[in-house]
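Just so you know, these numbers come straight off a predicted model, no measurement behind them. Atoms within a ligand are numbered from 1 in the order they appear, just like the ligands themselves.
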Amino acid sequence: MNASFTITIDNQSVEATPGESLLEVCRKANIPLPVMCDFKGLSPVGACRLCLVEIEGVPKLLPACTTLVAPNQAVHTQSDKLRKYRRMIIELIFSERNHICAICVANNNCELQKMAYELGMDHVRFPYLTPVCEVDASHEKYVMDHNRCILCTRCVRVCSEIEGAMTRDVMGRGFDARIITEFKQPWGDSTGCTSCGKCVQVCPTGALTPNDAAQGRLKKNPELVALLIEKREAKP
Ligand code: SF4
Ligand code: SF4
Ligand code: FES
């Protein structure tokens, strides 16, 4: 059994165990952090960078979800610098694809939109890249709209780590990166997809939706997937 130690987060002493991430410790201590790619129970990837924190003595800002605790760490989660960077990051996410909330099926039920409100984003200061993105409506139950995808990879991880289907992956890099099914087949042609819908439930935006969702009426239930993961982890 690993001996626990104490770190400070926002000048508060918090108990930590070797191997835990700063995000896990913050959660235990009820210290809120903005997250978008993280989903409790899935492996952390540090994709969105919204959970950046400051660690005394470390010149760079580090993502809390992929940074492990260490003895004597002094961490800060709230500062003008962090607020500035988080605001910039959320604006950059919006500028990368075609997020037009007013006509999105996830309007008012979108983690990205909610995060933008929370971080005080009232406009985007960066040029919109307006990529030409596909909508894959080939699946009998679900739709993938790449225009709304923020490449958080929650869907990829839940599909491989929880459902075990390994249907989804990321192809390409940077501006050209896309979520694919199998070897870039239409989703509906996938033989590995079990149609479980877990990817749809954990997707934080309107990128993955049931194909009968009406504009602004979408309801997702990521809590159900979180509960499933929790029960599975608690199994002896
Ligand atoms: S529906 Fe299930 S099996 Fe199919 S891609 Fe989504 S998570 Fe994977
Ligand atoms: S489809 Fe959704 S869950 Fe998958 S990477 Fe894009 S935004 Fe994330
Ligand atoms: S939640 Fe940590 S980088 Fe996305």
Visitor: What protein heavy atom is closest to atom 3 (S) of ligand 3, reported as residue, atom name and distance in Å?
Guide: R49 N, 3.1 Å
Visitor: Which atoms of ligand 3 have any heavy atom of C65 under 4.0 Å away?
Guide: 1 (S), 2 (Fe), 3 (S)
Visitor: Against heavy atoms of L151, which atoms of ligand 2 measure under 4.0 Å?
Guide: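 Listed by number with element: 5 (S), 6 (Fe).
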Visitor: Which atoms from ligand 1 have a heavy atom of A165 less than 4.0 Å away?
Guide: 3 (S)
Visitor: Could you establish whether M144 and ligand 2 come within less than 4.0 Å of each other, counting only heavy atoms on the residue side?
Guide: yes
Visitor: May I ask you to list the atoms of ligand 2 that are less than 4.0 angstrom from any heavy atom of I179?
Guide: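 Listed by number with element: 5 (S).
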Visitor: Would you mind listing which atoms of ligand 3 come within a distance below 4.0 Å of any non-hydrogen atom of V35?
Guide: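 Contacts of ligand 3 toward V35, numbered from 1: 1 (S).
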Visitor: Taking all atoms of both residues into account, what is the closest heavy-atom pair of W187 and D136, and its distance?
Guide: N-OD2, 2.8 Å
Visitor: Provide, to 0.1 Å, the distance between atom 8 (Fe) of ligand 2 and the closest protein heavy atom, together with that atom's residue and name.
Guide: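 Result for atom 8 (Fe) of ligand 2: C152 SG, 2.3 Å.
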Visitor: Under 4.0 Å from a heavy atom of G197: which atoms of ligand 1 are those, numbered in the order shown and with their elements?
Guide: 1 (S), 2 (Fe)
Visitor: With atoms numbered from 1 as shown, which atoms in ligand 1 lie under 4.0 angstrom from a non-hydrogen atom of R168?
Guide: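 This gives 5 (S) as the contact atoms.
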Visitor: So if I count the atoms of ligand 3 from 1 in the order they appear, which ones are less than 4.0 Å from some heavy atom of D38?
Guide: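 Matching atoms, with element in brackets: 1 (S).
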Visitor: Got a sec: is C196 within less than 2.8 Å of atom 2 (Fe) of ligand 1 via an N/O/S atom?
Guide: yes
Visitor: Could you give me the CA-CA distance, side-chain angles and deciding distance for C155 and I179, then say whether side chain to side chain contact (heavy atoms under 4.5 Å, CB included) is met?
Guide: CA-CA 9 Å; C155 59; I179 297 295; 4.1 Å; yes
Visitor: So which protein heavy atom does atom 6 (Fe) of ligand 2 come closest to, and at what separation?
Guide: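 Going atom by atom, the protein heavy atom closest to atom 6 (Fe) of ligand 2 ends up being C149 SG, 2.3 Å.
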Visitor: For the pair S79 (side chain) and L82 (backbone), establish whether a donor and an acceptor sit closer than 3.5 Å, ignoring hydrogens and angles.
Guide: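 Yes: the side chain of S79 pairs with the backbone of L82.
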Visitor: Which ligand 3 atoms, with their elements, are less than 4.0 angstrom from a heavy-atom of C37?
Guide: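 Answer for ligand 3: 1 (S), 3 (S), 4 (Fe).
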Visitor: Which bit of S195 is near ligand 1, meaning a heavy atom under 4.0 Å away: side chain, backbone, both or neither?
Guide: backbone
Visitor: Of all the non-hydrogen atoms in the protein, which one sits nearest to atom 7 (S) of ligand 2, and at what distance?
Guide: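 Nearest neighbour among protein heavy atoms for atom 7 (S) of ligand 2, to 0.1 Å: I150 N, 3.4 Å.
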Visitor: About how many Å separate CG of L22 and CD of Q73, when rounded to the nearest 0.5 Å?
Guide: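 If I round to the nearest 0.5 Å, the distance is 5.0 Å.
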Visitor: For P204, which part has a heavy atom under 4.0 Å from ligand 2: side chain, backbone, both, or neither?
Guide: side chain
Visitor: Quick one: does ligand 3 sit under 4.0 Å from the side chain of C152, the backbone, both or neither, non-hydrogen atoms only?
Guide: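 Neither part.
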Visitor: After noting the C-alpha distance and the side-chain angles of R168 and E163, does the key distance pass the side chain to side chain contact (heavy atoms under 4.5 Å, CB included) rule?
Guide: CA-CA 11 Å; R168 311 179 72 79; E163 182 61 9; over 6 Å; no
Visitor: Would C155 count as a contact for atom 8 (Fe) of ligand 2, in the sense that one of its N, O or S atoms lies under 2.8 Å from it?
Guide: no
Visitor: So, S190 side chain and E182 main chain: donor-acceptor pair closer than 3.5 Å or not?
Guide: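 Checked: no pair found.
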Visitor: Just do the side chain to side chain contact (heavy atoms under 4.5 Å, CB included) check on R97 and I150 with the steps written out, would you?
Guide: CA-CA 8 Å; R97 298 268 169 116; I150 59 167; over 6 Å; no
Visitor: What do we get for T153 next to ligand 2 when only non-hydrogen atoms under 4.0 Å count, side chain, backbone, both or neither?
Guide: backbone
Visitor: Among all protein heavy atoms, pick out the one at the shortest distance from atom 2 (Fe) of ligand 2; state its residue, atom name and that distance to 0.1 Å.
Guide: C203 SG, 2.4 Å
Visitor: Which atoms of ligand 1 have any heavy atom of C193 under 4.0 Å away?
Guide: 1 (S), 3 (S), 4 (Fe), 5 (S)
Visitor: Closer than 4.0 Å to some heavy atom of A47 - which atoms of ligand 3 meet that?
Guide: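 Result: 3 (S).
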Visitor: Does M36 belong to the same Ile/Leu/Val/Met/Phe/Trp/Tyr cluster as I89, with side-chain heavy atoms less than 4.5 Å apart forming each link?
Guide: yes
Visitor: Hey, which atoms in ligand 3 end up nearer than 4.0 Å to a heavy atom of C48?
Guide: 1 (S), 3 (S), 4 (Fe)
Visitor: Can you list the ligand 2 atoms lying under 4.0 Å from a non-hydrogen atom of L208?
Guide: 1 (S)
